[in-house]
Protein chains: 2
Amino acid sequence: MEPRHRRADAAGNRARIIQAARAVIANADEIKLNAIAKEAGVGQGTLYRHFPTREDLLAEVYREDVEELVAAAPALLAEHQPVTALARWFDRVADYAQVKRGVFAAVEAAVWQDLAAHSLGPIGDALTTLLEAGKADGTIRSDVDARDVILLIGCLTRVEEDEWDAKARHLLRIVLDGLRRRP
Amino acid sequence: MEPRHRRADAAGNRARIIQAARAVIANADEIKLNAIAKEAGVGQGTLYRHFPTREDLLAEVYREDVEELVAAAPALLAEHQPVTALARWFDRVADYAQVKRGVFAAVEAAVWQDLAAHSLGPIGDALTTLLEAGKADGTIRSDVDARDVILLIGCLTRVEEDEWDAKARHLLRIVLDGLRRRP
DNA sequence: CGTTAAAGTGGACACGTGTCCGCATGATGG
DNA sequence: CCATCATGCGGACACGTGTCCACTTTAACG
C-alpha cells in the first residue's frame, strides 16, 4: 500500500516539457507557454499540471544556476570576511541576472513564492547563512533577514538591458551599504 | 489651418472613463479594463486610445496623490535637514502605498516609464530635489540619482498586504541608510 | 492475464488584453 | 445651411493565459 507512486510516462512528459522550454527560450525571444506545450508535443493541461505557474517552469529550467548560486555562499564565507562574502555573492547575482536577463524576474518570483510559504527556499537559506555570519561579527545590522534582502534585490528586475552594466552593481552596492551595521 | 483642434465629445469620453475607473476601483477589487470601458459606456478602442497602457490610466486616476507627494518634497526640505526630509518623504510614500495598495505598482510603473523616456517626471524631480540637498550638505552619497532611488523603492511592490506594517518602513530605512554618505 | 481505479492526458473553453478598421460625427469653409 | 473630411468611435478579432473535465493509460492486485 505504498502511495502507489508514479507513472513512468508522466516523468517523461515532464522532462520533455523542460527540454522544450529550453529550446523555446534559446530560439525565440518570446516565452509563450502554449508554444512550449506544442514544442513538447503535449497539451497545455499537461504543462500546467506539471508546472502550475510560469515561474515554476522557469525555476525548474534554471535550477542548476540557482544551485550554483546557493553553493557559492558557504564557499565565499570560507574565504572572506562576511561582508566581503556578501558583496561577492551580490556580484554573482548580478552576473547571473545579466546573462539570464528576462528569466531573473521569474526565478526571483519563484523565490519569494517560497518565502510566502514560510519556507525560505534554497536562495533564502544561502542568504541567511551570509547574513548570520555578518551579524555574528557585527558588520551587518541585526534587524535584517533573508526576506528583506530578496525584496531589495528585486529592484534589479526593472533595470533595462542597456543600462545594466551601469546600474546593477551600483544598486547592489547601495543595498549592501544599507545592510551594514551603522558604526 | 490651425491644428484643427479637438472634438468636445472626446474630452467628455476621457472624463467619463476616468470617472468609471474610479468607480470600478472603489467597488470591485479586480481592475479589468474592459469593465471600465463598459462602465463608462464606451468601446475598448476608445479607452485604449485615451490611455494606451493600463498604467497611463491609473496614473491619471491618481494624479492628485502623486502631485501631493511631489509637493511634499520642498515643504519637508524647508523644515528639516535633508536626510530627515528624505526619511519623512519615504514615510509619505509608505503611507500612500499602504492605502492605495495595488495601485502603487501601476503608478510606479508609470513613473519609471517616464524615466525610460529620459524625462524624470514629477516624482523624479521631487526626489532629485531631496537628493541634491543631501549631497550639498554631505549627508547623502554623491553617486546616486533619482532613478536609483525609484528603482530601489520599487521593492515595496512585492510586499504583501499582511506584512506591510512590519516590512515597508523597515525596507525604506535600509534603503535610506544605503543612500547616506559613509562617514 | 484481466480487472480496476487512480494517475495522467490534451484540447476545448472562458477570460482579459490590446489592436485594427469600417463607420459616424461634428467642426470648418463655402 | 450644406458639403467635406479629419477626428474619433466602438466592437469584432486575434492572441496568450490558465482552467476544466471526459477520456485514456498505467500498474497493482487477484
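Quantities reported herein were computed from a predicted structural model and do not represent experimental measurements. A note on names: the letters A, B, ... follow the listed sequences, proteins ahead of strands, and every chain is numbered from 1.
If you measure from atom CZ of B/R16 to atom C1' of D/dC9, you get 11 Å, rounded to the nearest angstrom. Between A/I36 atom CD1 and C/dG10 atom C1' there is a gap of 17 Å when expressed in whole angstrom units. Atom-to-atom, CG of B/N13 to C1' of C/dT25 comes out at 12 Å; the value is rounded to the nearest Å. Atom NZ of B/K38 and atom C1' of D/dC9 are 19 Å apart (whole Å).
Distances shown here put a side-chain N or O of A/H50 below 4.0 Å from the OP1 or OP2 atom of C/dT9. At least one side-chain nitrogen or oxygen of B/T46 sits closer than 4.0 Å to the OP1 or OP2 atom of D/dG10. Residue A/R49 has a polar side-chain atom (N or O) positioned under 4.0 Å from OP1 or OP2 of C/dT9.
Salt-bridge annotation for B/E108 and A/R158: present, with a side-chain N of the basic residue lying under 4.0 Å from a carboxylate O of the acidic one. A salt bridge is defined here as a Lys NZ or Arg NE, NH1 or NH2 lying under 4.0 Å from an Asp or Glu carboxylate O, and B/R181 with A/D177 fails to meet this definition. The pair B/R88-B/E79 does not count as a salt bridge, with every side-chain nitrogen at least 4.0 angstrom from each carboxylate oxygen.
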Kindly determine whether A/T84 and A/W89 satisfy side-chain contact (heavy atoms from CB on, under 4.5 Å), including the steps that lead there.
CA-CA 8 Å; A/T84 309; A/W89 195 79; over 6 Å; no

Evaluation steps, side-chain contact (heavy atoms from CB on, under 4.5 Å), between B/I31 and B/R54:
CA-CA 10 Å; B/I31 303 179; B/R54 161 192 228 83; 4.1 Å; yes

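Here the side chain of A/R180 pairs no donor or acceptor atom with the backbone of A/I140 at under 3.5 angstrom.
For A/K135, the NZ atom counts as densely surrounded, since its 6.0 Å shell holds more than 12 non-hydrogen atoms of other residues, nucleotides or ligands.
Residues B/I174 and A/R141 meet the side-chain proximity criterion, which asks for heavy atoms closer than 4.5 Å. Looking at heavy atoms from C-beta onward, B/Q81 lies out of side-chain contact with B/T139 at the 4.5 angstrom threshold.
For the helix from C/dC1-D/dG30 to C/dG30-D/dC1, the axis fitted to the five pairs at one end and the axis fitted to the five pairs at the other end meet at an angle of 0° (nearest 10 degrees).
Closest to the side chain of B/V42, from the set C/dA27, C/dG8, D/dG10, is D/dG10. Distances were taken from every side-chain heavy atom of B/A10 (C-beta onward) to each of D/dA27, C/dG10, D/dG8; the shortest belongs to D/dG8.
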Which atoms of nucleotides 16-18 of chain D (N or O only) lie under 3.5 Å from a protein N or O atom, and what are those distances?
| from | atom 1 | to | atom 2 | distance (Å) |
| --- | --- | --- | --- | --- |
| D/dG16 | OP1 | A/K32 | NZ | 2.7 |
| D/dT17 | OP1 | A/R54 | NH1 | 3.2 |
| D/dT17 | OP2 | A/L33 | N | 3.1 |
| D/dG18 | OP2 | A/Y48 | OH | 3.3 |
| D/dG18 | O6 | A/Q44 | NE2 | 2.9 |

